[in-house]
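See below for the structure under consideration.
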Amino acid sequence: MRAEKVPDMTWARRAVPAAAAAVAALAARDLIQRDHALLRNFPVLGRARYLLEAIGPELRQYIVAGNNEERPFTRDQRRWVYASAKQQNNYFGFGTDNDIEYTPGYPIIKHRTFGRAVPPSTPTAGHDVRLPCAKVLGAARGRAHAFRPESVVNISGMSFGSLSGNAIAALNKGAALAGCFQNTGEGGLSPYHRNGGDLVFQLGTAYFGCRDEQGRFSLDRLKDLVAGAPVKALEIKLSQGAKPSLGGLLPGAKVSAEIAATRGIPAGQDCVSPSRHAEFSDCDSLLDWVELLAAETGLPVGIKSAVGDLGFWQELATLMRDTGRGVDFVTIDGGEGGTGAAPLIFTDSVSLPFQQGFTRVYKIFAEHDLHEQVVFVGGGKLGLPDNAIVAFALGCDMVNVGREAMLSIGCIQAQKCHTDACPTGVATQNAWLARGLDPSLKSVRAANYLRTLRRDLTKVAEACGVEHPGLIDTDAVGILDGRTGSTPLHEVYGYQRHWGLPSAADQAEIVRLMTPEAPQGGSAPPSPTAVG
Ligand SMILES: Cc1cc2nc3c(=O)[nH]c(=O)nc-3n(C[C@H](O)[C@H](O)[C@H](O)COP(=O)(O)O)c2cc1C
Ligand code: SF4
């Protein structure tokens, strides 16, 4: 007779007392500590609250939040970016779940029944559409390397340091695939930026990548840098919407050898970005510096800024009109824009949101008759088609996409960018976490997203009867009052009727560029009895 096998309970006899001892030790620690009243009062149990707080954003995203709740990006908006990036079905069924009728301030785009531009037949047609800028960057000021940007959608400045090397590489390869620029951000030009994508080099207050050993700006280093990389334009960063007029500090622990080499700073030491530039101190000296950089490099030169006090813009426009010096482009960043890390008061309350800031600046340039000579770039949640269309109608010639591009390469909006613990490897210098992000795979997703956004912008322009989003005028967008009326954009923002559009010559040229040689359209040729 075989002996019956008795289950081995030895492990359980050992594990249960060990677990009990661990819980008891934790409870004792909670009882003794003085930092957290909740834990003193509710030892061990109180820890559930901290766990829930830590994973709250994820829980809300997956379980609790509705489609249009959550900020910065709603579930609908993220779903659209994710699906576009993966080339999955990015349509929504059963109609809108936005409260269109009762939401004051809701923008409505007014399509035209008979427009100039005949939409191509299928909804997906135009995915590979070429969507160049309606203005030639640097042409108005005769820069040696003036050119027409190939894409009206480009990747916003986000430094190597705030983003991982793999994220920078994915975005750069994505920019190459989609035929657009990647802005380096203020952290210098890293090896990860050299993956084939064209670049806009950003000069921040610390002049990373083009500074000498004392931290002073070095024109020679800048010239060497732009000569050795596909840099198409220079952007002087005055401020960004999420943290205007605020310096920054990258702790020494994060200053790896790679970051140190890219920025031109010693490794392992705290790295300070001052809040103001040393190379200029007012509009006059700013314009002198712009002209110096443009003359020495031949590149178009622009400024990036959030909008607060308007005195700066008034003075800048007056000097440009009266002295003939000037910037080639102006990037306006909205206060709703993103950052790797910033104090709450700055992200929440300093600088105007995009539409208000942009329109105030555009109006000043238009009143000085300079609006047709400057390329206007917008930023601040403009990587979503509806927001971007309003920006184009208001006078943007191009839009920059920051966090939306991060979403396309895997960001889940966990909002831990400031902790170096980004779970998706996008905004971290932790080698293990960054390793999870495959630049080759994600570059294709970034490119898919950028192309889909351009496709949607083209489709909406066609629905409005024009060939290009830059030709959508302020009459084509109405702002609903939440009950019975809608006000056209030009009335809402005090624009003259023709403001927001490129010059007549630029309009004619972009129509020519956007008009296919072979006629397109969904309908058959007109019948012999057609009357129109
Ligand atoms: C992680 C991160 C890093 C950023 N770094 C920079 C930077 O170096 N320079 C800059 O001008 N803006 C920086 N920004 C701001 C973006 O370029 C952009 O202006 C802003 O996020 C608004 O665009 P979005 O709403 O499409 O993200 C950063 C934003 C993020 C999210
Ligand atoms: S997933 Fe990473 S990059 Fe995205 S919000 Fe979270 S921490 Fe930031």
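The chain is numbered in sequence order, starting from 1. Please read these numbers as outputs of a predicted model, since none were measured by experiment. As the structure lists them, so they are numbered: ligands from 1, and atoms in each ligand from 1.
Taking both residues in full, the closest heavy atoms of Leu246 and Ser275 are given as C-CB, 4.1 Å, listed atom of the first, atom of the second, then distance. In this structure, Ser84 and Asn448 approach most closely via the heavy-atom pair O-CB, 3.4 Å.
Around ligand 1 you find Ser156, Gly157, Met158, Ser159, Ser162, Leu163, Gly185, Glu186, Gln202, Lys237, Gln240, Lys304, Asp333, Gly337, Gly338, Thr339, Gly340, Gly380, Lys381, Val401, Gly402, Arg403, Glu404, Met406, each with a heavy-atom distance below 4.0 Å. Sorted by chain and number, the residues within 4.0 Å of ligand 2 by heavy atom are Met406, Cys411, Ile412, Gln413, Ala414, Gln415, Lys416, Cys417, Cys422, Thr424, Val426, Ala427.
Between the side chains of Thr205 and Arg276, no donor N or O sits under 3.5 Å from an acceptor N or O.
Asp420 places no side-chain N or O within donor-acceptor distance of the main-chain N or O of Thr428, the cut-off being under 3.5 Å.
Ring pair Phe358/Phe376 is perpendicular by interplanar angle, where above 60° counts as perpendicular and below 30° as parallel.
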Passes ring pair (Phe, Tyr, Trp, His ring centres under 6.0 Å), Tyr207 versus His277? Steps please. CA-CA 9 Å; Tyr207 309 115; His277 279 267; 5.4 Å; yes

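Both tests do not hold together for Lys363 against Tyr493: distance to the six-membered ring centre under 6.0 Å, angle to the ring axis within 45°.
Using a 4.5 Å heavy-atom threshold, the side chains of Leu382 and Val401 count as separate.
Centroid-to-centroid, the aromatic rings of Tyr82 and Tyr449 stay 6.0 Å apart or farther.
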